[in-house]
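In what follows, every chain begins at residue 1, and chains take the letters A, B, ... in the order their sequences are listed.
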Number of protein chains: 2
Amino acid sequence: MDSKTSTFKQQKIAQFEELCRQQRLPKTIQRRVILEAVLDREDHPTADQLFEDVRNRIPGVSRTTVYRGLEALVQLGIVRRANHSDAVARFDGNTDHHHHLVCLGCDRVTDLDDLKLDPIKLPDGRRRGFEIADFSIHFEGYCPECRRKKSKALSPRAGLRREK
Amino acid sequence: MDSKTSTFKQQKIAQFEELCRQQRLPKTIQRRVILEAVLDREDHPTADQLFEDVRNRIPGVSRTTVYRGLEALVQLGIVRRANHSDAVARFDGNTDHHHHLVCLGCDRVTDLDDLKLDPIKLPDGRRRGFEIADFSIHFEGYCPECRRKKSKALSPRAGLRREK
DNA sequence: CTGCCTGCAAACGATTTGCACCAGC
DNA sequence: GCTGGTGCAAATCGTTTGCAGGCAG
């Protein structure tokens, strides 16, 4: 929205085009729009949500194209797969270092950019021969909405049903 | 295997029976065995792997029962869903505080019990009204196996295909 | 031209659901 | 006996694949 965000988006798109050139991949409108759709969202949309978003801009796209485009963007390292506990694939245009707030009530995941946390000593790197490149912290707790529900009804732990 | 592990298992099972009593749920053999199957594994098995394990002990079980049993155990808070990036559900009998090593090459997730990390200051708890109950750190990197592959071929980033 | 990308329809695999029956309490 | 668990088969849902064009380089 503001210029900062906008610049970020520009950069990502430039990065995408750059990679296409490097790898001699045709840069199609579809994939550009798919990337834009991911970048336009703050949350971690599912492939289907993105399909809807893309379809608003390119009425004829097929679901397959969106799925394949997303996969391609992941391969290029421009977007990330976001791992929620539901079974559907989710994507995240923010490939920078950031952390997550995971709600134990509704399973929603929000990004957390507070980086006072960063100076954690990346430890035991070579433990078990594992080479650590980065890390992110999952904070588990309850989002405002679920806190309210929780205080009202201590009981049932609204099932882990999928959101739709 | 050793007495410590064994005790842990006992406790979990006791906890399960306790919860069944509290909530007036019948405690069936199937669910007990499902729980045991989860506890007997160190990794994060898929529902289908657990189905196989359970079937070895109760030849007649249906896949449905295992799925439903696992769901029930998750609801009871005895086992956790483990979030990998592949599309299949995975489960984890270790509900204690622990961290994860996530391989960017093969997406495998391993538990990390090194708790020198624990004294991290749980910060900004009330940020956005989010109530933080716990946290876990995802270390992203490359497991020994993928490091080897990576050093040989810098190129293709073996696709994110499912393991089977 | 050549190769990757697209769209469609069909296939697929994991998970869920409806229903009749059976088992704990 | 009532309630919830089980097993089976069918349905569902997200995702992938095969194939025939189409388009970017």
(message) Any base atoms under 4.0 Å from B/Ala72, or only sugar-phosphate, or nothing? Heavy atoms, all strands.
(response) nothing
Check ion pair [X]-[Y] (N to O, under 4.0 angstrom):
{"X": "B/Glu36", "Y": "B/Lys12", "value": "no"}
{"X": "A/Arg68", "Y": "A/Glu71", "value": "no"}
{"X": "B/Arg57", "Y": "B/Asp40", "value": "yes"}
{"X": "B/Arg55", "Y": "B/Asp48", "value": "no"}

Of all the nucleotides listed ([options]), which has the minimum atom distance to the side chain of [X]?
{"X": "B/Pro26", "options": "C/dC8, D/dT15, C/dG24", "answer": "C/dG24"}
{"X": "B/Val88", "options": "C/dA14, C/dC4, D/dT15", "answer": "C/dA14"}
{"X": "A/Val61", "options": "C/dA14, C/dG7, C/dT6", "answer": "C/dG7"}
{"X": "B/Arg63", "options": "C/dT15, D/dA24, C/dG24", "answer": "C/dT15"}

Let me know the distance between [atom1] of [X] and [atom2] of [N], rounded to the nearest Å.
{"X": "B/Gln30", "N": "D/dG7", "atom1": "CD", "atom2": "P", "answer": "5 Å"}
{"X": "B/Glu17", "N": "C/dC25", "atom1": "CD", "atom2": "P", "answer": "10 Å"}
{"X": "B/Arg21", "N": "C/dG24", "atom1": "CZ", "atom2": "P", "answer": "16 Å"}
{"X": "B/Phe91", "N": "C/dA14", "atom1": "CZ", "atom2": "C1'", "answer": "11 Å"}
{"X": "B/Ile58", "N": "D/dG7", "atom1": "CD1", "atom2": "P", "answer": "8 Å"}
{"X": "A/Arg55", "N": "C/dC8", "atom1": "CZ", "atom2": "C1'", "answer": "14 Å"}
{"X": "A/Leu70", "N": "C/dC5", "atom1": "CG", "atom2": "P", "answer": "14 Å"}
{"X": "B/Glu71", "N": "D/dG5", "atom1": "CD", "atom2": "P", "answer": "12 Å"}

Just N and O in the side chain of [X]: are any of them under 4.0 Å from OP1 or OP2 of [N]?
{"X": "A/Arg24", "N": "D/dA24", "value": "no"}
{"X": "A/Thr28", "N": "C/dT6", "value": "yes"}
{"X": "B/Thr65", "N": "D/dG7", "value": "yes"}

(request) With DNA chain C as reference, determine whether B/Leu25 or B/Tyr67 sits nearer its 5' end, using the nearest nucleotide of each. (result) B/Tyr67
(request) State whether the distance check finds a donor on one side and an acceptor on the other, under 3.5 Å, for side chain B/Arg68 versus base D/dG7. (result) yes
(request) Without swapping roles, check the side chain of B/Arg90 against the backbone of B/His44 for a donor-acceptor pair under 3.5 Å. (result) yes
